[in-house]
Amino acid sequence: DTALNPLPMSFTDVKPSDWYYSSIAYMWQHNLMKGVSETQFAPYRTTSRAMIWTILARMHNVPTDPTADGLWYEKGMLWDMEQGVSDGSSPLQDITLEQLAVMLWRNAGRPEGGSLDRFSDAADVSSYAVSAMQWAVERGILQGNSGYLNPKANATRAATAAMITRYASSI
């Protein structure tokens, strides 16, 4: 296991009363996500595919320091490709909630899931993502919002932190 980050969070845009506070604290303590600056986490900014590759690699203690040519996400991308988690395409593209669920599901070994029936927009889930979304809902990784999954919505940094924190506690 990686050593926990001993430093307190210094993000002025993440407050203890925020719904995502404990998830961001978990990501910070476990060295899985950093801020966009020393004082800003930017919880409502989108998350790229490359950020997810990097986070998943870090969860498996894979060093993700930049390569000599400066590609910050290359080591995470290569690891995720080797594991069958991602095809390595479109690194800087924003990731959707269903795409994030698929990467977590693949990382978990493609386990069986439950039902999406309680969500009004279950039919909006892309066919390639149905099994992953069923699993993510059943495990509590993806909880939806007011009866909606919003599968095609971009995953914010706060939503990413929440989903990955829930994923980490479910494995």
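Hydrogens, waters and symmetry mates play no part in the numbers below; they use all other heavy atoms, side chains included.
Using modelled atom types, one side-chain atom of Q99 and one backbone atom of T96 make a donor-acceptor pair closer than 3.5 Å. With hydrogens and angles ignored, the 3.5 Å screen pairs a side-chain donor or acceptor of D18 with a backbone N or O of K15. Side-chain atoms of T47 come within 3.5 Å of backbone N or O of A155 as a donor-acceptor pair. At least one donor-acceptor pair closer than 3.5 Å links the side chain of S37 to the backbone N or O of Q40. In this structure a side-chain-to-backbone donor-acceptor pair under 3.5 Å is missing from S23 to T165. Under the 3.5 Å distance criterion, the side-chain polar atoms of N5 are left unmatched by any main-chain donor or acceptor of N31.
Residues M59 and N107 fail the side-chain proximity criterion, which asks for heavy atoms closer than 4.5 Å. D13 is listed as a side-chain neighbour of P43, based on a closest heavy-atom distance under 4.5 Å. Looking at heavy atoms from C-beta onward, W53 lies in side-chain contact with M103 at the 4.5 angstrom threshold. Considering only heavy atoms from C-beta on, I24 stays 4.5 Å or farther from M33 through its side chain.
Put simply, NE2 on H30 and CD1 on I55 are 13.5 Å apart, with the number rounded to the nearest 0.5 Å. In this structure, CD in Q134 is found 12.0 Å from CG in L142, a value given to the nearest 0.5 Å. A distance of 11.5 Å separates CH2 in W135 from CZ in R110, rounded to the nearest 0.5 Å. Atom-to-atom distance recorded for M133:CE and S115:OG is 12.5 Å, nearest 0.5 angstrom. A distance of 7.0 Å separates NE2 in H60 from CD in Q83, rounded to the nearest 0.5 Å. Remark: E74 CD to D65 CG distance equals 11.0 Å, nearest 0.5 Å.
Among all heavy-atom pairs drawn from Q143 and R118, the shortest one is O-NH2, 4.4 Å. Between W72 and A50, the shortest heavy-atom distance links the atoms CH2-CB, 3.5 Å. Annotation for A42 and R157: closest pair O-CD, 3.2 Å, computed over non-hydrogen atoms. Shown here for L149 and A122, the closest heavy-atom pair between the two residues is CD1-CA, 4.4 Å. In terms of heavy-atom proximity, I141 sits nearest to S170 at CD1-OG, 3.8 Å. Across E98 and D124, no two heavy atoms sit closer than the pair OE1-O, 4.3 Å.
Between R49 and D87 there is a salt bridge, since at least one side-chain N of the basic residue sits less than 4.0 Å from a carboxylate O of the acidic one.
Aromatic ring centres of F41 and W28 lie farther apart than the 6.0 Å criterion allows.
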Checking side-chain contact (heavy atoms from CB on, under 4.5 Å) for the pair Y73/L92: CA distance, chi angles, key distance, verdict?
-> CA-CA 10 Å; Y73 59 83; L92 302 180; 4.2 Å; yes
Determine, step by step, whether N150 and Y148 satisfy the side-chain hydrogen bond (donor to acceptor under 3.5 Å, both in side chains) criterion, reporting the C-alpha distance in whole Å, the side-chain angles of both residues, the deciding distance to 0.1 Å, and the verdict.
-> CA-CA 6 Å; N150 300 307; Y148 292 91; over 6 Å; no
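Atom CZ of R45 has 12 or fewer heavy atoms from other residues, nucleotides or ligands within 6.0 Å. Other residues, nucleotides and ligands place more than 12 heavy atoms under 6.0 Å from the OH atom of Y44. Within 6.0 Å of NZ in K34 there are 12 or fewer heavy atoms belonging to other residues, nucleotides or ligands.
Residues M51 and L71 share a hydrophobic cluster, clusters being chains of Ile/Leu/Val/Met/Phe/Trp/Tyr side chains in contact below 4.5 Å. In the hydrophobic cluster analysis, where Ile, Leu, Val, Met, Phe, Trp and Tyr join through side-chain heavy atoms closer than 4.5 angstrom, F11 is grouped apart from V36.
Under the 3.5 Å distance criterion, with hydrogens and angles disregarded, a donor-acceptor pair is assigned to the side chains of T46 and D94.
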